[in-house]
Amino acid sequence: MSKKNTAATIITIVIAALALATTLFLLYQMSQNEVQQNTPGKFIPSDEVNEEMNQNATRLVKNNCEVFRVFLQYGLPHESEPYNNKPDDGLYTVSSDTYKSMADLETLVKDTFVEKEAERILTNLGDAGAVFADQEDGTLGVNEKCIDKDGNFIGLEYGYSWTNINVTLLPKSNTECDITIELAADDGAGGSATVGSANSSTESTSDESGAGTKTVTVTMMKANGVWLLEKLAY
């Protein structure tokens with residue numbers, strides 16, 4: 001079996017967001033290019049570990065994007081109350097073909113993030129309580145605090161696109177790998193946006209054309225045979 005001196009792996013993931021701002025369908029294509037380096041002290045994964053990291057990074061970055069859009073950016077479609085009243089239980093009924101109960105959202109989140117971060121996302125992501133919760137009849141509901149007076153989800157102002165992203169893997173050990181995600185400015189964003197997160201490293205830059213880019217770094221860790229992200233990246 002041949003050994004390859006792979007110090008970093010570059011992955012391009014194309015994620016297409018379809019439909020309105022509701023259910024996100026992700027189509028992605030991964031291409032891998034080796035970067036040959038002979039830096040002393042640099043961790044070099046085996047071919048098997050390298051492939052494992054590539055496959056899991058693709059899955060986790062795709063899921064991270066979905067969680068960001070559902071919990072922070074676009075929310076999920078919901079039903080209005082009669083006469084535009086506030087819901088008695090504080091929850092608007094979600095009308096999604098993909099997520100019908102909290103169990104569906106919990107599966108997505110817990111399959112993507114470490115336990116502590118998954119709990120934060122599910123229960124208190126924006127310091128205003130849970131974004132979603134099950135109603136008494138078992139159907140999924142969205143917190144009325146997340147809906148404005150016009151019935152729209154109060155999403156994070158965000159000026160970067162996940163449609164085409166460049167992802168760089170920087171392996172640190174057989175069980176830990178940093179993932180660097182480069183985001184381009186979203187067309188029509190006007191050059192300004194409220195971005196960044198206390199839970200991930202971010203860096204904003206501009207190229208010669210004035211279009212902004214942002215680099216987000218998050219750690220992927222393997223525990224009990226499963227690769228998960230340490231934090232929600234956006």
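Quick caveat: nothing in here was measured; it's all calculated off a predicted structure.
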Problem set entry | Shortest non-hydrogen separation from L228 to K110 and the atoms involved | CD2-O, 3.8 Å
Problem set entry | Gap separating the CD atom of Q135 from the OG atom of S101, nearest 0.5 angstrom | 11.5 Å
Problem set entry | Ring centroid separation F132 to Y99 under 6.0 Å | no
Problem set entry | side-chain contact (heavy atoms from CB on, under 4.5 Å) between V61 and W162, intermediate numbers included | CA-CA 10 Å; V61 170; W162 286 78; 4.1 Å; yes
For this session: Indicate yes or no: at least one non-hydrogen side-chain atom of E117 is less than 4.5 angstrom from one of L229.
Result: no
Exercise. Hey, does the side chain of H78 reach the backbone of G151 with a donor-acceptor pair shorter than 3.5 angstrom?
Worked result: yes
Problem set entry | Test applied, side-chain contact (heavy atoms from CB on, under 4.5 Å); reference residue, M221; option that passes from V226, T175, V114 | V114
For this session: For residues 73-93, pull every pair meeting salt bridge (charged side-chain N to carboxylate O under 4.0 Å, His left out), keeping only residues two or more places apart or in separate chains.
Result: none
For this session: Report yes or no: do V131 and L91 belong to one cluster of Ile/Leu/Val/Met/Phe/Trp/Tyr joined by side chain heavy-atom distances under 4.5 Å?
Result: no
Exercise. More than 12 heavy atoms of other residues, nucleotides or ligands under 6.0 Å from CG of N224: is that the case?
Worked result: no
Exercise. Are side-chain N/O atoms of Q55 and W227 paired as donor and acceptor at under 3.5 Å?
Worked result: no
Problem set entry | Spacing of I165 atom CD1 and T215 atom OG1 [to the nearest 0.5 Å] | 11.5 Å
For this session: Give a yes-or-no answer on whether the side chains of S161 and D186 include a donor-acceptor pair shorter than 3.5 Å.
Result: no
Exercise. OH of Y234 to CZ of R69: how many Å apart, nearest 0.5 Å?
Worked result: 14.5 Å
Exercise. Which residues satisfy the side-chain hydrogen bond (donor to acceptor under 3.5 Å, both in side chains) test with N152, sequence neighbours excluded?
Worked result: none
Exercise. Nearest heavy-atom pair of A233 and I181: which atoms, and what distance?
Worked result: CB-CD1, 4.5 Å
